There are 2 protein chains.
Amino acid sequence: MRILAVDTATEVCGVALWEDDHITAEIRMSQGKTHTQTIMTAIEAVLEKGRLAPNSLDAFVVTQGPGSFTGLRIGISTVKGLAAATGKPLVGISTLAVLAHQAPDGTPWVCPMIDARRREVYWSIYRRQDNALVQAAPERAGKMADVRLGGEGGCLFIGSGARLYAQALQERWPQAAHLADDKQHDLRPGVLASLGAQRLGQGFTEDLHRFTPVYLRPSDAELGAAQEGRSQ
Amino acid sequence: MRILAVDTATEVCGVALWEDDHITAEIRMSQGKTHTQTIMTAIEAVLEKGRLAPNSLDAFVVTQGPGSFTGLRIGISTVKGLAAATGKPLVGISTLAVLAHQAPDGTPWVCPMIDARRREVYWSIYRRQDNALVQAAPERAGKMADVRLGGEGGCLFIGSGARLYAQALQERWPQAAHLADDKQHDLRPGVLASLGAQRLGQGFTEDLHRFTPVYLRPSDAELGAAQEGRSQ
């Protein structure tokens, strides 16, 4: 099974190719250009590596959010277009789930955390259980002060929010808070592909008509519109 | 030649199918849902009418802007995905050019005008010349007070901005300002398809890697970010 995974939920644009049961190509681009410009270049680069045409792919995976509103719309719209044109299935995976699954083994708890701007973070809690990760708290958008550890034994923080608030986290929980290595905070499209492959293997696919980003909160534009008393 | 034209530059989501030299299907949806939800439904509805698969299309056309930032990103990303997956060419057409070309015959000047929120409009001026329309002013974003008539003989205003500011326009130029009929202000995807067919006929296609929306001004989010002194 050949799967193309696309992630534009944060500043980095990531694309991976999954063939049979492993990653055969993975690219991450963060050159300060917009996702509208980089996404096609990244997708073609990955397909070219495997000398593949889009219609030789069997499925598409995309990060469904939370993350950058603009990034999510571009990634999801592009992948919807690819899926519609090829007639191949599409699955969405939570951005926080990908980050949790790319955490190195160790602590019993993992807190994926993405910078949500306006001094807020998107976060959730996962627990290690029988060599798997189980989501232990709903996905939330909120202030750093509202973030909680999952429980005893130490919690690994991973993601752009963890990188941004590393000092605050370590000051608040000097014993319990562990920080992922600096290179581990960016989302890995290969892990996205692998989670997508699992979900497809379970027979799950999205309805292209209903599939939309998960934002967890209204956009800056919507908040601005509400403040000015107009609709956006 | 079979062309699929997609427009999500304003509140209305429009899709048209162009076969040989005429429109064979046209749909406009404005049900208060987001473009992310309606665009695939509209595209499939139009293709189903012609019993067509996406790979039987020869080219894609999309409104490149100006217009809603979110709408443009969704439309352009979707069509890029369709073009990439099918390997078929894509062309972008100015939203204002489409509006100018759907103006009924009459006045020597046409001013397409889109509501840009924040009490601004996107506008340009076209002149009738030898049974054709020629762009006579650059595309601009600005206050209504800065809008100018093209010249003598009357100017037809058309588009969501013209509808919104109809009274102001008629008070300012009681003789010269003509308003399009209320039903003519929404963009017609069939006219988009026809302009796209012309451009394709001239041998023009976009580079998928470089093709981006034309905004004419920074987004609300970017302005908000600049005001708060942070990058978006």
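First the proteins, then the strands, lettered A, B, ... as listed; each starts at 1. Because the structure is predicted, anything quoted here is derived from the model rather than measured.
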If I take atom OG1 from residue A:Thr41 and atom CG from residue B:Asp207, how far apart are they, to the nearest 0.5 angstrom?
8.0 Å
Just how far is it from atom CD1 of A:Ile39 to atom NZ of B:Lys80, taken to the nearest 0.5 Å?
8.0 Å
Tell me the closest heavy-atom pair linking B:Met40 and A:Gly81, and the distance in Å.
CE-N, 3.7 Å
Shorter than 4.5 Å, heavy atoms on both sides: which option in B:Glu44, B:His35, B:Arg210 has the most such pairs with chain A?
B:Glu44
Can you tell which of A:Ile76, A:Thr8, A:Val79, A:Ile74 makes a side-chain contact (heavy atoms from CB on, under 4.5 Å) with B:Ser77?
A:Ile74
If every non-hydrogen atom of B:Ala85 is compared with every non-hydrogen atom of A:Ala85, which pair is closest and at what distance?
CB-CB, 3.5 Å
Choice from B:Ile43, B:Thr70, B:Leu57, B:Leu47 maximising heavy atom contacts with chain A below 4.5 Å:
B:Thr70
